[in-house]
Protein chains: 2
Amino acid sequence: METLPDKTVERLSQYRRSLNNQLAKGKEHIFSHEIANLLHITSVQVRRDIMLIGYSGTLRKGYDIKELVDLIGKILDTDEGQKIAVVGMGNIGKAFIHYLYEKRSKLKVVAAFDVNPEKIDKSYADVYCYHLDKLKDIIAKENIKIGIITTPPQVAPEISDKLVDAGIKGILNYTPKPLSVPEGVYLEEYDMITSLEKVAYFVKKK
Amino acid sequence: METLPDKTVERLSQYRRSLNNQLAKGKEHIFSHEIANLLHITSVQVRRDIMLIGYSGTLRKGYDIKELVDLIGKILDTDEGQKIAVVGMGNIGKAFIHYLYEKRSKLKVVAAFDVNPEKIDKSYADVYCYHLDKLKDIIAKENIKIGIITTPPQVAPEISDKLVDAGIKGILNYTPKPLSVPEGVYLEEYDMITSLEKVAYFVKKK
DNA sequence: AAAATATTGTTATTTTTTTAACAATAAGTT
DNA sequence: AACTTATTGTTAAAAAAATAACAATATTTT
Ligand SMILES: NC(=O)c1ccc[n+]([C@@H]2O[C@H](COP(=O)([O-])OP(=O)(O)OC[C@H]3O[C@@H](n4cnc5c(N)ncnc54)[C@H](O)[C@@H]3O)[C@@H](O)[C@H]2O)c1
Ligand SMILES: NC(=O)c1ccc[n+]([C@@H]2O[C@H](COP(=O)([O-])OP(=O)(O)OC[C@H]3O[C@@H](n4cnc5c(N)ncnc54)[C@H](O)[C@@H]3O)[C@@H](O)[C@H]2O)c1
């Protein structure tokens, strides 16, 4: 299948979560406008996304939730699951690890790295924290393909380079330091302060 | 001034941070392509954004960093600063409070709310945590206009309603539960899992 | 002083994303 | 059985965002 638009991929992740909730409630079929209401978007958007992934519902009955969830899984997940490394075991890093630990998902944090001796050689929610020096070895050994950076911003570029060098193919950067990665590595950045300043701006405008 | 595009606002926040770094290093002028390099975007984008806020540089000399930072401040900040409430003093809530505490910024968290007795009536990084029941009173008294939701997802809609009812004009939602707010309230949502699943998808595609 | 260069500011074009329009049709109603 | 309604799937249009093109011009070089 063609590579899906960024925004569609984001929504698929959200559809799946909501659909799983509905499944858990015993619901078996769902209409596009029902999905839309759950996510506070429009039903056209839902139908368009579903069209893009090549699924069809039945007229007057809607979509088979189970089938749709499975298909989204086929698109978003790999069969074996994907392994993740977290670099920087501070507030955000730990929060993330705990959070993912609770979910049974195809995405698993399997290693953490830090430089602070207090954090190293301990486990948090079953994730072992190694010294940064071990990064390349562990990533290779475990075949980890995704890295999350939650270190202080100053060191983020250096960590990013190390991750890329170790063979990582996707990076999620939570530091406010913009990174650059070579072609072939997918980079997603998020900055909480930017979000907050954006809200503040639009509040001010009102 | 016209309301700026969402994306431009996001970048202004990032420009300011980078520009402040440059100021601290003693740099006084900067070219569009230099800003672009710092943020790993294109210089056209930078010039276009700067055009939109109505600033002009000088040919062959670039932009006066101090002036640009001040102008961005005029656009993003209010003179008195803006007050923020955090609801849910868990991992993310606490991380945010600590983080903003370190920055001297026009954005200040002035109150936190929770329902867990262990969190209530204590201060974290100078932010006092009240019982949720006091939310309306404190928000009115302090004239808080922005709320950050970091509670468990199930209660997010209820918290959102309470915030809106208390007069909040902007909400930043970190729970994976989509919210809806009335016209006139600005809502920004962010979901870490969605980001991560997006990275995973594009890694898989490669 | 003329030519070359670097850089801005702006308009035009392209791409991406969202929204609207609507034809097709299964199911329900008269 | 004919009619109405609800809903999908898809194409078309609109809106938003990014990128490209380029004219204007201050500075530097020849
Ligand atoms: N906490 C927030 O609410 C918040 C908000 C916005 C942005 N951020 C950003 O997110 C990032 C993480 O924030 P946090 O609050 O978790 O920070 P933190 O200080 O709690 O954690 C940072 C961790 O990184 C480790 N570290 C330092 N240097 C390292 C290195 N070279 N290699 C590996 N690990 C290293 C530290 O030992 C520490 O454990 C920071 O960049 C921060 O600017 C945080
Ligand atoms: N931690 C992560 O990495 C992560 C990742 C993705 C999403 N999230 C989401 O972010 C949110 C916060 O995560 P967290 O790890 O900080 O959770 P947490 O459990 O550490 O904190 C939640 C806090 O909310 C409080 N709370 C519960 N009910 C409340 C109510 N009715 N009113 C006010 N406060 C209430 C709890 O007492 C607790 O202090 C959750 O919705 C979670 O799903 C977290």
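Chain identifiers are assigned alphabetically (A, B, ...) following the order of the sequence lines, protein sequences preceding nucleic acid strands; residue numbering begins at 1 within each chain.
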Separation of [X] atom [atom1] from [N] atom [atom2], in whole Å?
X       : N      : atom1 : atom2 : answer
A:Asp49 : C:dT19 : CG    : P     : 11 Å
A:Asp6  : C:dT17 : CG    : C1'   : 11 Å
B:Glu34 : C:dT7  : CD    : P     : 8 Å
A:Lys61 : D:dT7  : NZ    : C1'   : 14 Å
A:Lys7  : C:dT19 : NZ    : C1'   : 15 Å
A:Phe31 : D:dG9  : CZ    : P     : 12 Å
B:Ile41 : D:dT19 : CD1   : P     : 9 Å
B:Leu52 : D:dA16 : CG    : C1'   : 12 Å

Using the closest heavy atom to pick a nucleotide of DNA chain D for each, name whichever of B:Arg47 or A:His33 lands nearer the 5' end.
A:His33
For residues 178-188 of chain A, run the donor-acceptor check on the side chains, cut-off 3.5 Å, and write out each pair with its distance to 0.1 Å, sequence neighbours left out.
{"unit_1": "A:Tyr186", "atom_1": "OH", "unit_2": "A:Asp6", "atom_2": "OD2", "d": "3.2"}
{"unit_1": "A:Glu188", "atom_1": "OE1", "unit_2": "B:Lys198", "atom_2": "NZ", "d": "3.2"}

Do B:Lys106 and B:Gln82 have side-chain heavy atoms sitting under 4.5 Å apart?
no
Locate the shortest heavy-atom distance separating A:Ile144 from A:Ala111; write the atom from each residue and the value.
CD1-CB, 4.1 Å
Quiz item: A:Arg48 side-chain donor-acceptor pair to D:dT10 base, under 3.5 Å:
no
When you measure from the side chain of A:Tyr63, which nucleotide among D:dT10, C:dT7, D:dT8 comes out closest?
D:dT8
Looking only at the side chain of A:Leu59 (C-beta and beyond, no hydrogens), which of the listed nucleotides D:dT19, D:dT8, D:dA26 gets closest?
D:dT8
Just by modelled atom types, is the A:Gly88 backbone N or O under 3.5 Å from a matching donor or acceptor in the A:Thr150 side chain?
yes
How do A:Gln45 and B:Met51 order along DNA chain C: which one's closest nucleotide is nearer the 5' end?
B:Met51
If you find the nucleotide of DNA chain C closest to B:Ser32 and the one closest to A:Arg60, which residue's nucleotide is nearer the 5' end?
B:Ser32
Among residues at least two apart in sequence or on other chains, which ones pass side-chain contact (heavy atoms from CB on, under 4.5 Å) with A:Asp70?
A:Lys66
Below the 4.0 Å mark, does C:dT17 have OP1 or OP2 next to a side-chain nitrogen or oxygen of A:Arg11?
no
Does C:dG9 have its OP1 or OP2 closer than 4.0 Å to a side-chain nitrogen or oxygen of B:Ser56?
yes
